[in-house]
**Q** 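Below: one structure in structure tokens.
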Amino acid sequence: EVNLEPIEAYAKMLVKNGLQGVFINGSSGEGYMLTEEERMRLAERWVSVAPEGFKVIVHVGSCCVKASRMLAEHAQKIGAWGIGAMAPPFPKIGRIEELVKYIEEIAAGAPELPFYYYHIPAFNGAFLPMVNQCRLYKNGKFDMLHGQDETILPCLAMGGAQGGIGGTTNYNGKELVGIIEAWEAGDIETARERQNFSQEVINVICHFRGNIVGGKRIMKLIGLDLGKNRTPFQNMTDEEEAQMKAELEAIHFFDRCNKF
């Protein structure tokens, strides 16, 4: 069941480790596994406990565009900083025109808030070109947040991203923020070392069904038990947790991870 109690400590931990905001009810948060009521309750709690200046972006995407618009309206009403939506997993969107119409209807529900399109085609099959539509459109008119923790550094080198949203940021945020800070300081060697370390962390979680399952158990290991994943995700066994902990210790993860 949804547990609102850890959220305040969660938000404080993210701020302590250099994060400027949070994207809630997305893929790592199992947003599509939640009821609309649960999603709204989570959004309300995050907004109510967010430290001053900490941005709460609410994922409002749904297979039902009316539900998405309702969630967008709710996010604006409660004072969220922004909203976002991925393309629906069903029906699959196959044309840019379809995607634009879907986004338009959702964004109209919260006209005062920034809207971020959450491009994650591996989850929803919306394999549409984004370079010309977003990164290069009108000399970078749109604010873009990079979403693949493995490639933050090359994305910064290519230009276009102003920051990032990543699942492993929950527990490896200090290193990911450090990549951006080192890049901005012109310290390419430090940025490269931190990027390579972040890849090692991802290599470990890939042994344990990825960030949604393995990453959630890492949160328990660093001090915040967020419970089990919902069906149909296969939760980790205690034996798998012990194995993952050993693999993380081997790369000195717990010396570099987010701290409470």
**Q** Whether R209 engages the ring of F233 as a cation-pi pair (distance to the six-membered ring centre under 6.0 angstrom, angle to the ring normal within 45°) should be assessed.
**A** no
**Q** Looking only at heavy atoms, which two atoms of G173 and L19 are closest? And how far apart?
**A** CA-CD2, 4.0 Å
**Q** For E73, which residues count as a side chain to side chain contact (heavy atoms under 4.5 Å, CB included) partner, sequence neighbours excluded?
**A** R69
**Q** For F123, does the CZ atom have more than 12 heavy-atom neighbours from other residues, nucleotides or ligands under 6.0 Å away?
**A** no
**Q** According to ring-ring contact (aromatic ring centres under 6.0 Å, His included), who are the partners of Y10, at least two apart in sequence or on a separate chain?
**A** W46
**Q** List for me each residue that meets side chain to side chain donor-acceptor pair (under 3.5 Å) alongside Y32, sequence neighbours excluded, and say none if there are none.
**A** none
**Q** Between the side chains of E36 and K66, is the shortest nitrogen-to-carboxylate-oxygen separation below 4.0 Å, so that they form an ion pair?
**A** no
**Q** Any link between I7 and I218 through a network of hydrophobic side chains (Ile, Leu, Val, Met, Phe, Trp, Tyr) touching at under 4.5 Å?
**A** yes
**Q** Using modelled atom types and a 3.5 Å cut-off, is there a donor and acceptor pairing between side-chain atoms of S68 and backbone atoms of S62?
**A** yes
**Q** Between Y171 and V201, is a side-chain contact (heavy atoms from CB on, under 4.5 Å) present by the stated rule, with each step listed?
**A** CA-CA 10 Å; Y171 42 86; V201 175; 4.0 Å; yes
**Q** Ignoring hydrogens and geometry, is there a side-chain-to-backbone donor-acceptor pair from Q76 to G109 under 3.5 Å?
**A** no
**Q** By side chain to side chain contact (heavy atoms under 4.5 Å, CB included), which residues pair with I180, not counting sequence neighbours?
**A** I152, L156, E184
**Q** With sequence neighbours excluded, what pairs up with Y102 under the ring-ring contact (aromatic ring centres under 6.0 Å, His included) test?
**A** none
**Q** With V204, which residues qualify under side chain to side chain contact (heavy atoms under 4.5 Å, CB included), at least two apart?
**A** F208, M244, E247, L248, I251
**Q** Ignoring hydrogens and angles, tell me if any N or O in the side chain of N235 forms a donor-acceptor pair with the backbone of K228 under 3.5 Å.
**A** no
**Q** For residues 44-63, pull every pair meeting salt bridge (Lys or Arg N to Asp or Glu O under 4.0 Å), keeping only residues two or more places apart or in separate chains.
**A** E8-R45
**Q** Any pair with a residue in residues 18-28 that passes side-chain hydrogen bond (donor to acceptor under 3.5 Å, both in side chains), sequence neighbours left out, goes on the list, sorted by first then second residue, please.
**A** S27-Y118, S28-N211
**Q** Which pair of non-hydrogen atoms, one from M40 and one from L71, has the smallest distance, and what is that distance?
**A** CG-CD2, 3.6 Å
**Q** Could E98 and K101 be called an ion pair, given the rule that one side-chain N must be under 4.0 Å from one carboxylate O?
**A** no
**Q** How far apart are the C-alpha atoms of R39 and L42, what are their side-chain angles, what is the distance that settles it, and do they pass the side-chain contact (heavy atoms from CB on, under 4.5 Å) test?
**A** CA-CA 5 Å; R39 293 172 73 170; L42 282 163; 5.7 Å; no
**Q** Please list, chain by chain and in numerical order, all residues satisfying side chain to side chain donor-acceptor pair (under 3.5 Å) with T151, sequence neighbours excluded.
**A** H146, Q148
**Q** Could you tell me whether R41 and E38 have a side-chain N and a carboxylate O separated by less than 4.0 Å?
**A** no
**Q** Please enumerate all residues that pass side chain to side chain donor-acceptor pair (under 3.5 Å) together with Y116, with sequence neighbours excluded.
**A** D143
**Q** Under 3.5 Å, is there a donor-acceptor pair between the side chain of Q195 and the main chain of L153?
**A** yes
**Q** Could you report the tightest heavy-atom contact between S198 and L176, atom names first, then the distance?
**A** OG-CD2, 3.5 Å
**Q** Spell out, as yes or no, whether a donor-acceptor pair under 3.5 Å connects the side chain of E175 to the backbone of N172.
**A** no
**Q** Hey, would you say the Y117 and H119 ring centroids sit under 6.0 Å apart?
**A** yes
**Q** Could you check L14 against F54 for side-chain contact (heavy atoms from CB on, under 4.5 Å), going step by step and ending with a plain yes or no?
**A** CA-CA 9 Å; L14 294 175; F54 188 71; 4.0 Å; yes
**Q** Shortest non-hydrogen contact from T169 to N258?
**A** O-ND2, 3.0 Å
**Q** Can F127 be reached from I103 by stepping across I, L, V, M, F, W or Y side chains whose heavy atoms are under 4.5 Å apart?
**A** no
**Q** Quick one: side chain to side chain donor-acceptor pair (under 3.5 Å) partners of N229, sequence neighbours excluded?
**A** E30
**Q** Taking only residues two or more places apart in sequence or in another chain, which ones pass side chain to side chain contact (heavy atoms under 4.5 Å, CB included) with K220?
**A** R217, D225, E241
**Q** For K174, I'd like to know if atom NZ has over 12 heavy atoms of other residues, nucleotides or ligands within 6.0 Å.
**A** yes
